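Worth knowing before you read on, the calculation uses all heavy atoms, side chains too, and leaves out hydrogens, waters and symmetry mates. As the structure is a computational prediction, the values presented were derived from the model and not from experiment. Lettering of chains follows the sequences in order, A, B, ..., and the numbering in each one begins at 1.
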Number of protein chains: 4
Amino acid sequence: MGAVKTKRMPRAVREQQMLDAAVRIFGRRGYRAASMDEIAELAGVSKPLVYLYLNSKEDLFSACIRREAAALTEAVRAGVRPGAPADRQLWEGLRAFFTHTAQHPDGWTVLHLQARTHGEPFATEVAAMRTEIVTFVTQLIAVTARDAHHDPDLPEHEVAGLAEALVGAAESLAAWANTTPGVTARQAAATLMNFAWAGLGNLMEGRPWTSAVPLT
Amino acid sequence: MGAVKTKRMPRAVREQQMLDAAVRIFGRRGYRAASMDEIAELAGVSKPLVYLYLNSKEDLFSACIRREAAALTEAVRAGVRPGAPADRQLWEGLRAFFTHTAQHPDGWTVLHLQARTHGEPFATEVAAMRTEIVTFVTQLIAVTARDAHHDPDLPEHEVAGLAEALVGAAESLAAWANTTPGVTARQAAATLMNFAWAGLGNLMEGRPWTSAVPLT
Amino acid sequence: MGAVKTKRMPRAVREQQMLDAAVRIFGRRGYRAASMDEIAELAGVSKPLVYLYLNSKEDLFSACIRREAAALTEAVRAGVRPGAPADRQLWEGLRAFFTHTAQHPDGWTVLHLQARTHGEPFATEVAAMRTEIVTFVTQLIAVTARDAHHDPDLPEHEVAGLAEALVGAAESLAAWANTTPGVTARQAAATLMNFAWAGLGNLMEGRPWTSAVPLT
Amino acid sequence: MGAVKTKRMPRAVREQQMLDAAVRIFGRRGYRAASMDEIAELAGVSKPLVYLYLNSKEDLFSACIRREAAALTEAVRAGVRPGAPADRQLWEGLRAFFTHTAQHPDGWTVLHLQARTHGEPFATEVAAMRTEIVTFVTQLIAVTARDAHHDPDLPEHEVAGLAEALVGAAESLAAWANTTPGVTARQAAATLMNFAWAGLGNLMEGRPWTSAVPLT
DNA sequence: TATGAATGAGCATTCATTCAT
DNA sequence: TATGAATGAATGCTCATTCAT
């Protein structure tokens, strides 16, 4: 399975092979359960070479996270046309997101599951990426609210919470779409868009849900 | 630190102490990184006793998952009045959910993050709980749709996706509320309710989001 | 399987139950691999009681060896009529030996295999029993030699070696007869008797084997 | 104590060192009581290296058994000249056997005592070697019987029993010769040869032992 | 650029044994 | 006479990491 054992190749190439292997193993086993032996073998190199290039298991995992996070944010960025209307931008972003995660399931697992399960250093790196996406969504919401000239002062907490909910829903749907046969990235995006946009719209226009009976 | 070292107590009590300690350590370190030594020490007993009562690390982790999952579903069940209107039931369920997860952060972490990161056996146990909750939400949606006499045949995939998105949003908000100072369980529940109910309503009534421009 | 759990029985009886269990477990697993837990369970008592009566694993094993060795030597002794001719005595002894070992396979295993595998203390106890039997055989040989008035001074080493060989052959045949279906104690005894008696006779009469060609 | 700590040697050499150490420790302590720590230390390497090369305690023990069994059968084979008369071949085989076991006492202990005391896998490996030797002896007996044109149809059970007895006597004598000062391999071989050949001869010629008085 | 040889440190698990009742 | 509760001390095994070439 692992990469074909070709001797003497430039460092950059070897590094990518190693990262490919590492993402695969980390994604499937988790950070702790993944062994450097298995990664080296899958990469088709000896263990000392992995250390020579990537320094340590921790650094290797960090490098995986950074590479996958960059690829994901880049994919989303590339999918969105900046000038488009907010709902359109959200739709495009969602499509790009679900498409990319479907195409890189191990990378997505590393970001979504594994990286958050282990102490500070890694969680921080993922949090940075998450923040970037949440911010992007938050801005879309804010822009929409401004354009609608309604309720321009949705409290900050509220907006952050909404973005958090939206991103959480997306993450959950991504995992679901990846593991449920017959569900495409497009369908996942549509499901979430339908679900979310009305709720956002109502909020923007100051019509939140209120119970028909007094709440406790 | 750790339980006060009281000698000679009945097995049932000791077992709960051990599970308390295990949930804490598993939640903070993850399954692999958690050591039986640390768990035993926090529980105030020797390692052999942990093995005598809980058999193995794997069984101990399973026991944690089962206990925490049972506690969470029970909390949600107890918070919901069966006869109430669907939106009201959803609201009550969300409040109970956010309250419980806020009060048992380690237990929630075990269920939400750690248990899903490790092979089949554990993921399956959590999936069972998740399914139970998703089913509950799905039924609320279905009931609402039926009551509204609208679009009674939302495709099954669509409903499952919605439930998945809703639960994912809730999970994400729970983590957010737990780590963001000044955000209460009530606020988290309200944010999600506002976000979700309109979207669900629109869908039920056959008014999904549609792009102002043709989609690719 | 284990003894029926009857409470409060006299010490002597309990001890025999424990020894029964211990012989079975030691015989099947070996000294080290046998666990006090398993022995106690098979004996139908709690572990502390085993310690109360038998002190330690080492003492328990010693007690097993002593009991089984005594039983075996007693069986052989009881099978031999003192006044009979030497060949007759040997035959009777062999029959008794093969019969007893066939009826107490675990006890025989403990003596033959397990006890000799572990340091000094145990090997010594078995050696004592072995010496007793070897001595008995040696005396039969000596008596025969004296009666025949031939070569009355077979060197001591030679006699000891013969006895050793005879006992070794018997031990080997006992294991073989116990594990080979269709071989009875009587047949095993006959085989060995046929094999041994002629050789002994020749030696007594000063007609050892000599090579047809010079030995190196 | 133990091998001189020379660093960096080829795998094949290290493996032999490890097997040397393992045979010694297994022979002296038994399988269960032997610790991988002690073996590694005696071999002059760290424990992980033992595992890297030999996989597990079980595999290590197997490797010991195989190596020692091969060495012993090879020694016997090399000591016997195929064309010689049967008694001559038996004599040579016995000499080679006693010489080899005297020179490799730990190896012999591993084969004779330790390997047979522990479950199936090991016993099977030794049984294979034993069968090889028993077969060799059985053939010598059969050849002798054929050459003598006497009683060509000694029942199979009888022959197998004889071989078993002979090998058992040899095993016992080997242990005895190894632990009794002043007894050489040559003497042990002579003792057994004297003892056995006459008995075999009588049997071949149809003159088994019969009691002077009726047997029970 | 690349690797075979080697290890320190840690971890899950087991077991003989004892204490308090 | 009898036992439920509890532990100190190993032991097999693995893993991230480095050295010498």
Report task. Give me the one residue out of A/V126, A/V23, A/D106 that meets side chain to side chain contact (heavy atoms under 4.5 Å, CB included) with A/E68. Result -> A/V23
Would you kindly give the [atom1]-to-[atom2] distance between [X] and [N], to the nearest whole Å?
{"X": "D/E41", "N": "E/dT7", "atom1": "CD", "atom2": "C1'", "answer": "15 Å"}
{"X": "B/L49", "N": "F/dG8", "atom1": "CG", "atom2": "C1'", "answer": "14 Å"}
{"X": "D/Q17", "N": "E/dA6", "atom1": "CD", "atom2": "C1'", "answer": "13 Å"}
{"X": "D/Q16", "N": "E/dA5", "atom1": "CD", "atom2": "P", "answer": "15 Å"}
{"X": "D/L52", "N": "F/dC13", "atom1": "CG", "atom2": "C1'", "answer": "13 Å"}
{"X": "A/H118", "N": "F/dA16", "atom1": "NE2", "atom2": "C1'", "answer": "16 Å"}
{"X": "D/E38", "N": "F/dG12", "atom1": "CD", "atom2": "C1'", "answer": "15 Å"}

Query raised in the report: In Å and rounded to the nearest 0.5 Å, what is the CG to CD distance from C/L49 to C/E15?
Result: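 So the CG of C/L49 and the CD of C/E15 are separated by 9.5 Å.
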**Report entry** Pairs flagged by salt bridge (Lys or Arg N to Asp or Glu O under 4.0 Å) wherever residues 56-67 of chain C is involved - sequence neighbours left out
**Finding:** C/D20-C/R67, C/R66-C/E125
Query raised in the report: Under the side-chain hydrogen bond (donor to acceptor under 3.5 Å, both in side chains) test, which residues partner D/H112, sequence neighbours left out?
Result: D/R116
**Report entry** Those residues that, when tested against D/R32, pass side-chain hydrogen bond (donor to acceptor under 3.5 Å, both in side chains) (two or more places apart)
**Finding:**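 By the side-chain hydrogen bond (donor to acceptor under 3.5 Å, both in side chains) rule, D/R32 matches no residue at all.
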Query raised in the report: Closest to the A/R11 side chain: F/dA2, E/dT1, E/dA6?
Result: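 The answer is E/dT1, which lies nearest to the side chain.
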Report summary line: Side-chain atoms of B/S46 come closest, of F/dT7, E/dA6, F/dA2, to F/dT7
Query raised in the report: Which pairs count as side-chain hydrogen bond (donor to acceptor under 3.5 Å, both in side chains) when at least one residue sits in residues 45-55 of chain B, sequence neighbours excluded?
Result: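 Qualifying pairs, neighbours excluded: B/D37-B/K47.
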Query raised in the report: With the sugar-phosphate defined as primed atoms, P, OP1 and OP2, and the base as all remaining atoms, what B/S/- string results for nucleotides 14-21 of chain E, 5' to 3', for protein heavy atoms under 4.0 Å?
Result: BBSBBBS-
Query raised in the report: Between C/F61 and C/Q114, is a side-chain contact (heavy atoms from CB on, under 4.5 Å) present by the stated rule, with each step listed?
Result: CA-CA 10 Å; C/F61 194 48; C/Q114 311 301 0; 4.1 Å; yes
Report task. Using Watson-Crick or G-U wobble pairs with both distances under 3.5 Å, give me DNA chain E in dot-bracket, 5' to 3', with [ ] for crossers and | for pairs to another strand. Result -> .||||||||||||||||||||
Requested in this report: Locate the shortest heavy-atom distance separating D/A34 from D/I25; write the atom from each residue and the value.
Outcome: CB-CG2, 3.6 Å
Query raised in the report: What's the shortest heavy-atom distance between B/V50 and B/M18, and which atoms?
Result: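 Looking at all heavy atoms of both residues, the closest pair is CA-SD, 3.8 Å.
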Query raised in the report: Within the pair D/R14 and E/dA6, is there a side-chain N or O less than 4.0 Å away from OP1 or OP2?
Result: yes
